[in-house]
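Working notes, structure below.
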Amino acid sequence: MDTVKVQSGNAKMVAHRGLSGIELENTCAAFVAAGNRDYYGIETDVHRTADGAYVVIHDDNTGRVAFENISVEGSTLAQLQAIPLKDKDGNPRSDLRIPTLDEYLKICAKYGKVCVLELKNAFPKEDVANIVAMVKQYMTLEDIVFISFDYQNMIYLRELEKNARLQYLCGGGTKVDEELVAKLKAYDLDLDVYFRILDKAGVDLLHANGIEINVWTVDDPAVAEQLAAWGVDYITSNILQ
């Protein structure tokens, strides 16, 4: 198994939840697989556990990737890491478990990859500050991009770190227009947007306002190359390289 190579032009390629087209998403195996390739960055998702630890997993519960379904934020770190995860073929694999944020950061630092870190749910400002402090133990703020669908998370991050690289996540119902531009510029945010709602005019509008563009989640080589030709700055993918 290997990645699908594309002509990405000047767009920087980001491995979505690690190299999740080959290894189980958001595991150390997926992060190392991405680290061993020429990706610019490695994306993941962070939650806070009931006992105040920070773990990386996409969903609010474990059922889709594990053999037991429990709440992530309602469980302790020990409870979460005791659950065996399903490999991509549906079978258990002894080395797969829910990683901590520390483990993800160490792998990104070891392989020289930019962290693209999604704050999954609404976090209190104290937790946002804790996450920023953890990141700064391993890398400078130049080596991380914070992303979130929660606008208040973006505000907290900007209040804490005026030079942090922030991308506001937007989904399929978003309109790329002057209203969105104003919302982004209010806190000096870039955009991480669902690729299907973007067109060349939207790319041009955002760039004219000094806003960088990340697109998620692009697995079709032809689509990726079209987006690159339009000039997007980052392409997030499960399998394209």
Side-chain angles (χ1 to χ4, degrees), residues 14-20 23-36 39-62 64-66 70-85 95-150 152-161 164-169 192 214 216 236:
V14 176
H16 184 236
R17 308 179 196 171
L19 184 43
S20 56
E23 297 283 6
L24 179 65
E25 66 179 59
N26 283 335
T27 58
C28 291
F31 302 145
V32 170
N36 277 313
Y39 286 100
Y40 171 78
I42 301 174
E43 188 266 355
T44 198
D45 313 276
V46 63
H47 293 259
R48 183 186 185 275
T49 67
D51 55 344
Y54 298 98
V55 294
V56 294
I57 182 173
H58 180 269
D59 299 352
D60 290 338
N61 56 64
T62 61
R64 187 172 58 83
V65 296
I70 63 173
S71 164
V72 174
E73 296 183 1
S75 304
T76 66
L77 175 62
Q79 289 172 322
L80 291 165
Q81 293 199 316
I83 299 173
L85 301 185
D95 65 316
L96 296 181
R97 61 183 175 82
I98 297 171
T100 64
L101 177 58
D102 270 314
E103 289 173 308
Y104 161 75
L105 294 170
K106 287 177 182 176
I107 291 170
C108 289
K110 178 177 180 177
Y111 290 92
K113 302 301 182 184
V114 167
C115 297
V116 181
L117 182 61
E118 180 178 350
L119 279 62
K120 279 303 299 180
N121 298 323
F123 280 86
K125 191 171 185 179
E126 180 182 0
D127 280 319
V128 176
N130 289 341
I131 290 168
V132 170
M134 289 178 67
V135 168
K136 291 169 75 174
Q137 293 177 27
Y138 297 99
M139 59 197 65
T140 69
L141 290 177
E142 280 298 307
D143 298 318
I144 184 159
V145 178
F146 293 98
I147 64 178
S148 184
F149 283 102
D150 189 276
Q152 186 62 56
N153 285 341
M154 296 281 97
I155 295 173
Y156 288 151
L157 283 161
R158 181 58 69 220
E159 290 173 350
L160 289 163
E161 295 290 346
R165 301 166 64 189
L166 310 182
Q167 295 178 356
Y168 182 46
L169 271 163
D192 191 349
N214 189 353
W216 60 270
T236 300

key: Candidate pair Y111 and I42, rule side-chain contact (heavy atoms from CB on, under 4.5 Å), full reasoning   = CA-CA 10 Å; Y111 290 92; I42 301 174; 5.8 Å; no
ask   = Given side chains that start at C-beta, do those of V114 and V14 come closer than 4.5 Å, heavy atoms only?
value = no
query = With distance as the sole test, does R158 use its side chain to make a donor-acceptor pair with the main-chain N or O of A164 at under 3.5 Å?
reply = yes
query = Taking 4.0 angstrom as the limit, do K120 and E73 come out as a salt bridge?
reply = no
key: Y138 vs D143 side-chain heavy atoms within contact, under 4.5 Å   = no
ask   = Do the non-hydrogen side-chain atoms of F149 and E118 ever get within less than 4.5 Å of each other?
value = yes
message = Using the rule given for side-chain contact (heavy atoms from CB on, under 4.5 Å), can you reason through D150 versus L119, listing the C-alpha separation, both sets of side-chain angles and the distance that settles it, and then say yes or no?
response = CA-CA 8 Å; D150 189 276; L119 279 62; over 6 Å; no
query = Any sub-3.5 Å donor-acceptor pair from H16's side-chain atoms to E25's backbone N or O?
reply = no
ask   = Can a donor-acceptor pair be found between the side chains of D51 and T49 at a distance below 3.5 Å?
value = yes
task = For the residue pair V46 and L117, establish whether any side-chain heavy-atom pair is separated by less than 4.5 Å.
result = yes
ask   = Between F123 and Y54, how do the two ring planes meet: parallel, tilted or perpendicular, split at 30° and 60°?
value = tilted
ask   = Could you walk me through whether V145 and D192 pass the side-chain contact (heavy atoms from CB on, under 4.5 Å) check?
value = CA-CA 10 Å; V145 178; D192 191 349; over 6 Å; no
message = Assess, by modelled atom type and distance only, whether the side chains of N26 and Y104 contain a donor and an acceptor separated by less than 3.5 Å.
response = no
Passing option when P99 is tested against T44, L105, V56 for side chain to side chain contact (heavy atoms under 4.5 Å, CB included) = V56
ask   = Are the side chain of T27 and the backbone N or O of L96 linked by a donor-acceptor pair below 3.5 Å?
value = no
ask   = Side chains of D60 and V72: closer than 4.5 Å at any heavy-atom pair?
value = no
message = I'd like to check K110 versus V32 (side-chain heavy atoms, cut-off strictly below 4.5 Å). Are they in contact?
response = no
inquiry  = Working to the nearest 0.5 angstrom, can you tell me the gap between I70 CD1 and T76 OG1?
reply    = 7.5 Å
request  = Answer whether the closest heavy-atom distance between the side chains of D59 and V65 falls below 4.5 Å.
outcome  = no
query = Should the heavy atoms of other residues, nucleotides or ligands under 6.0 Å from NZ of K125 be counted, would the total exceed 12?
reply = yes
key: Minimum side-chain heavy-atom gap R165-I144 below 4.5 Å   = no
query = More than 12 heavy atoms of other residues, nucleotides or ligands under 6.0 Å from CD of Q137: is that the case?
reply = yes
